[in-house]
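Notes to accompany the following structure.
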Amino acid sequence: MSFSISKQGDIVVVDVEGQLIVGNRQELKQKVLDELERGEKKFLIDFSQTGYIDSSGLGVLVSLSKKIREQGGELRLANLNDDLQTLFELTKLDTLFQISDTRERALESF
Amino acid sequence: MAKPRVALDVEIPSDVKYIEHVVELAARECRELQLPARKCSLNLPVALTEALSNAILRGNAISNGKHVRVRALVSDDALIFDVVDEGPDFDIMAENIDPTTPDNVMREEGRGLFLMHALMDRVEHIRGRGNVIRLTLLRE
């Protein structure tokens, strides 16, 4: 499990590889907060290589969403597989995040 | 009716870094038993991760020397996981909140038990020598 960060124009793209769970959520949070502190405002988290997410992983996404918004930025999500889509629907987090089917659509949506 | 068999019996230290490996062993068993794919890729991994992190962080309070045992039983109609910690009694079921209400959806915590109930066919808390969370996943 790992996170890789890249830039697409002025958008910070985070790829989540493997699981986003209690054992690694803090790493994701810190990486995004570091970018936010550098002045970045637009964030896209791509889940195309993600297996599953637990409640603490979902909690980190909520936390990041709030912190980014407080700084006048935006967080968007892309490429939820069917399992992850179900998870977001169960928890109603699909109503909280702007979610795109593809990375390209998400990038265009900013 | 065949006697239930033990499919998995492992003990891990109270450290969340061990969770993913145990969950993978459980998911493999789920796939070998040919349970529906969704149950093996979503329901079991998420619910078992919740039970394990609860046992490590809350039950055992990440104490050195305390362990969490995971035991899986396979019966004719279900896959049953017992997650056993060594901590003091606590009423996990009393802490069940609905994280989907407008007031709660922005909360950063409080989805663990909700997810266990939503993804498992049965969730039970049994007090033994520690806390036992029993997760039951029906085969169909």
Side-chain angles (χ1 to χ4, degrees), chain A residues 1-3 16-30 32-33 36 45 47-70 74-75 77 79-99, chain B residues 12-24 26-28 30-31 36-58 62 68 92 95-120:
Chain A
M1 55 190 177
S2 67
F3 309 104
V16 178
E17 294 155 19
Q19 329 310 342
L20 174 57
I21 58 175
V22 62
N24 65 349
R25 60 172 172 163
Q26 206 54 38
E27 184 187 342
L28 172 69
K29 187 174 184 178
Q30 197 53 55
V32 172
L33 291 180
L36 190 63
I45 302 183
F47 292 102
S48 57
Q49 299 174 74
T50 309
Y52 57 92
I53 303 176
D54 72 357
S55 65
S56 56
L58 294 172
V60 158
L61 296 176
V62 173
S63 169
L64 287 173
S65 167
K66 286 196 256 187
K67 287 183 190 305
I68 290 168
R69 216 173 298 162
E70 281 165 15
E74 295 170 80
L75 170 64
L77 312 180
N79 277 320
L80 300 184
N81 62 30
D82 288 347
D83 288 348
L84 296 181
Q85 186 66 39
T86 298
L87 203 56
F88 275 69
E89 288 169 7
L90 269 177
T91 53
K92 296 254 173 40
L93 289 177
D94 59 325
T95 63
L96 196 67
F97 292 100
Q98 187 165 329
I99 301 169
Chain B
I12 58 170
S14 294
D15 188 325
V16 294
K17 74 181 180 189
Y18 295 100
I19 290 178
E20 195 174 354
H21 179 60
V22 175
V23 170
E24 179 46 39
R28 192 183 304 162
C30 183
R31 291 190 295 270
R38 169 65 62 92
K39 290 192 174 189
C40 302
S41 63
L42 174 69
N43 299 58
L44 173 60
V46 174
L48 187 55
T49 298
E50 300 300 341
L52 283 164
S53 60
N54 199 66
I56 291 168
L57 300 174
R58 298 215 34 221
I62 330 177
V68 174
I92 184 175
E95 296 164 20
N96 201 10
I97 64 153
D98 181 356
T100 66
T101 64
D103 284 347
N104 290 337
V105 76
M106 289 291 284
R107 284 173 61 133
E108 294 168 27
E109 309 287 341
R111 293 181 182 84
L113 189 57
F114 171 84
L115 285 175
M116 278 195 265
H117 280 291
L119 297 170
M120 287 285 118

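In this text the structure is predicted, and so the values were computed from the model without any measurement. Residue numbers start from 1 in every chain, and the chains themselves are labelled A, B, ... in the order their sequence lines are given, proteins ahead of strands. In what follows, every heavy atom counts, from backbone to side chain, and hydrogens, waters and symmetry copies are set aside.
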Proximal component of B:Pro99, with respect to chain A [non-hydrogen, under 4.5 Å]: backbone
Beyond-backbone contact of A:Phe88 with A:Leu96, side-chain heavy atoms, under 4.5 angstrom: no
Which atoms of A:Leu90 are under 4.5 Å from chain B, going by heavy atoms: the side chain, the backbone, both sets, or neither? both
Given heavy-atom pairs under 4.5 angstrom as the criterion, report whether the side chain, backbone, both or neither of B:Thr49 touches chain A. side chain
So what's closer than 4.5 Å to chain B heavy atoms on A:Leu61: side chain, backbone, both or neither? neither
Under 4.5 Å from any heavy atom of chain B - which part of A:Asn81: neither
Out of B:Leu115, B:Val46, B:Thr100, which one racks up the most heavy-atom pairs below 4.5 Å with chain A? B:Thr100
Is it true that the side chains of A:Asp54 and A:Ser56 contain a donor and an acceptor less than 3.5 Å apart? yes
With B:Ala55 via side chain to side chain contact (heavy atoms under 4.5 Å, CB included) - residues at least two apart: B:Val68, B:Val83, B:Asp85
Who pairs with B:Ile97 by side chain to side chain contact (heavy atoms under 4.5 Å, CB included), at least two apart in sequence or on another chain? B:Asn104, B:Arg107
If I measure from the heavy atoms of chain A, does B:Leu119 come under 4.5 Å with its side chain, its backbone, both, or neither? side chain
Look up atom OG in B:Ser53 and atom CZ in A:Arg25, then write down how far apart they are to the nearest 0.5 Å. 8.5 Å
Measure the spacing between CD of B:Glu50 and CD1 of B:Ile19 and express it to the nearest 0.5 Å. 9.0 Å
Part of B:Leu57 within contact of chain A (heavy atom distance under 4.5 Å): side chain
